[in-house]
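A quick write-up on the structure given underneath.
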Amino acid sequence: MEKIKMTTPLVEMDGDEMTRILWQMIKDELLLPFIDLKTEYYDLGLENRNKTYDQVTVDSANATKKYGVAVKCATITPNAARMTEYDLKEMWKSPNGTIRAILDGTVFRTPIKVKGIEPCVKNWKKPITIARHAYGDVYKNVEMKIPSAGKAELVFTAEDGTQTKETIFEFSGPGVIQGQHNIEQSIRSFARSCFTYALDCGQDLWFATKDTISKKYDHTFKDIFQEIFDSEYKDKFEAAGITYFYTLIDDAVARVMKSEGGFIWACKNYDGDVMSDMISSAFGSLAMMTSVLVSPEGYYEYEAAHGTVQRHYYKHLNGEETSTNSVATIFAWSGALRKRAEMDQLPELEQFADNLEKACIDTIESGRMTKDLALITELENPTVLNSGDFIRAIRETLEKLYA
């Protein structure tokens, strides 16, 4: 077949360890033989981030603003051990956090459902997408241990020097306190990203907080979502035949467990952190979970939900065979290619993205899969393939779809 043409590049963000190895395999076996692939390449491997003082991460995010669509490989967020291992100049921040801050985006994570790997919750028939607000709350908290009896106060000092005070608690003995914050700009971006993504997917949107208890903090989230929906999105949702639904977080959890799925569940930062792991585990594994960062301006950055698969990488370096699941990384590429095709009106490229995903699913449903899936599948006598053979099996399936 003649290679499928692209008109605008994708921003390509390469990564670390085993996912970097898979990244190249995917390009060589599943993309370059079929597409005249156009990308603007950024090496976000830890060595290059260290070499460029992490400027490459900033540059890749700004390039995403320029081109609108990016695809990212999993990357290392260094800790003390990585500082020594890679001889780092400093402990560089999470690339995902840097990119998210520059794009002002919200993370949407969705399970990849295949026959033979069934959800733990039997009535879940369709994937559930978690939309996680990724700013503030407990992740930017300030904590204090209280050593003895005394009064703890919340104090706000305005620019003109005037102060507002609220008593947190009058302690009769030792304890702890915690201060959290959020900003309206980030909450508004979160809301618009959620509404935009729901329209893109044609799915209902749920949002849940605990506004009955947190009558100012959580209620602000609820009020901003409702204000933006009523003023900017209500008519669009009605035209698309989808709904926006607000409820308490505990009610949402109960409803989710009894639902059939097929909707987007927007959560505050901590709720989203916990619930995305619950959803991914209940549907199968993080290796079967897509992740896309969406900004309210319409920038999209696709990646796998999992990390760099460090343990498999060390086995690979020792010349040992690995059976690493590449599905989420392949779906990052297909998601980015589909969005590029939508923006550039390239039906052949959009069809290729659909076919690539179908080839992945068909290969697994035929009984050929990596070890992690073979351990949880309900299919009888699955064939366990190593990392490279699994990708090559997907290519065979893809070639049959085009034949």
Between Tyr244 and Tyr246, does a ring-ring contact (aromatic ring centres under 6.0 Å, His included) hold up when you go through it step by step?
-> CA-CA 7 Å; Tyr244 167 61; Tyr246 176 83; 7.5 Å; no
Given the side-chain rings of Phe195 and Tyr197, with only the six-membered ring counted for Trp, is the space between their centroids under 6.0 Å?
-> no
Among Ile99, Val11, Val69, Val107, side chain to side chain contact (heavy atoms under 4.5 Å, CB included) partner for Glu301 = Ile99
Distance only, no hydrogens: is a donor on one side chain within 3.5 Å (strictly under) of an acceptor on the other, for His316 and Thr322?
-> no
One should read off an interatomic distance between Cys194 SG and Trp265 CH2, to the nearest 0.5 angstrom, of 13.0 Å
Which residue pairs pass the salt bridge (charged side-chain N to carboxylate O under 4.0 Å, His left out) test with at least one member in residues 305-316, sequence neighbours excluded?
-> none
Is the Lys NZ or Arg CZ of Lys165 less than 6.0 Å from the centre of Phe156's six-membered ring, within 45° of the axis?
-> no
What heavy-atom pair brings Glu2 and Lys5 nearest, and what distance separates the two atoms?
-> OE2-CE, 4.2 Å
Donor-acceptor side-chain pairing of His133 and Thr106 below 3.5 angstrom = no
For Lys234, enumerate each residue passing the side-chain contact (heavy atoms from CB on, under 4.5 Å) test, keeping only those at least two apart in sequence or located in another chain.
-> Phe229, Asp230, Glu238
Do Asp104 and Ser189 get their side chains close enough for a donor-acceptor pair, meaning under 3.5 Å?
-> yes
Any chance the side chains of Asp372 and Thr370 put a donor and an acceptor closer than 3.5 Å?
-> yes
Stepwise, does the side chain to side chain donor-acceptor pair (under 3.5 Å) test hold for Tyr217 with Asp137?
-> CA-CA 10 Å; Tyr217 196 104; Asp137 299 348; 2.4 Å; yes
Between the main-chain N or O of Lys210 and the side-chain N or O of Ser214, is there a donor-acceptor pair closer than 3.5 Å?
-> no
Check whether the side chains of Glu118 and Trp124 place a donor and an acceptor atom closer than 3.5 Å, and report yes or no.
-> no
Output yes when a side-chain donor or acceptor of Lys122 lies under 3.5 Å from a complementary backbone atom of Pro119, and no otherwise.
-> no
Spell out, as yes or no, whether a donor-acceptor pair under 3.5 Å connects the side chain of Thr377 to the backbone of Gly116.
-> yes
Regarding Thr243 and Asp204, is there a side-chain donor-to-acceptor distance under 3.5 Å anywhere?
-> yes
Taking atom types as modelled, is there a side-chain donor on Asp54 or Thr57 under 3.5 Å from an acceptor on the other?
-> yes
What distance separates Leu337 CG from Glu350 CD, expressed to the nearest 0.5 Å?
-> 11.0 Å
Would Asp271 and Lys268 pass as an ion pair if we require N to O under 4.0 Å?
-> no
Examine distances only and state if a side-chain atom of Thr196 and a backbone atom of Ser193 form a donor-acceptor pair shorter than 3.5 Å.
-> no
Arg132 side chain vs Asn269 backbone, donor-acceptor pair below 3.5 Å | yes
Ignoring hydrogens and angles, tell me if any N or O in the side chain of Thr397 forms a donor-acceptor pair with the backbone of Ala393 under 3.5 Å.
-> yes
Ring-ring centroid check Phe190 Phe225, cutoff 6.0 Å = yes
Check whether the side chains of Asn50 and Tyr86 place a donor and an acceptor atom closer than 3.5 Å, and report yes or no.
-> no
Presence of salt bridge, Arg49 and Asp16, under 4.0 angstrom = yes
How far does CE of Met18 sit from OH of Tyr314, to the nearest 0.5 angstrom?
-> 13.5 Å
Salt bridge flag under 4.0 Å for residues Glu396 and Arg368 | yes
Could you note down all residue pairs passing salt bridge (charged side-chain N to carboxylate O under 4.0 Å, His left out) where residues 320-340 supplies at least one of them, sequence neighbours left out?
-> Asp200-Lys339, Arg338-Asp354, Arg338-Glu357, Lys339-Glu342, Arg340-Asp344
Is the side chain of Thr167 donor-acceptor paired with the backbone N or O of Glu153 at a distance under 3.5 Å, no angle test?
-> no
Ring centre gap for His181 and Tyr135 strictly below 6.0 Å = yes
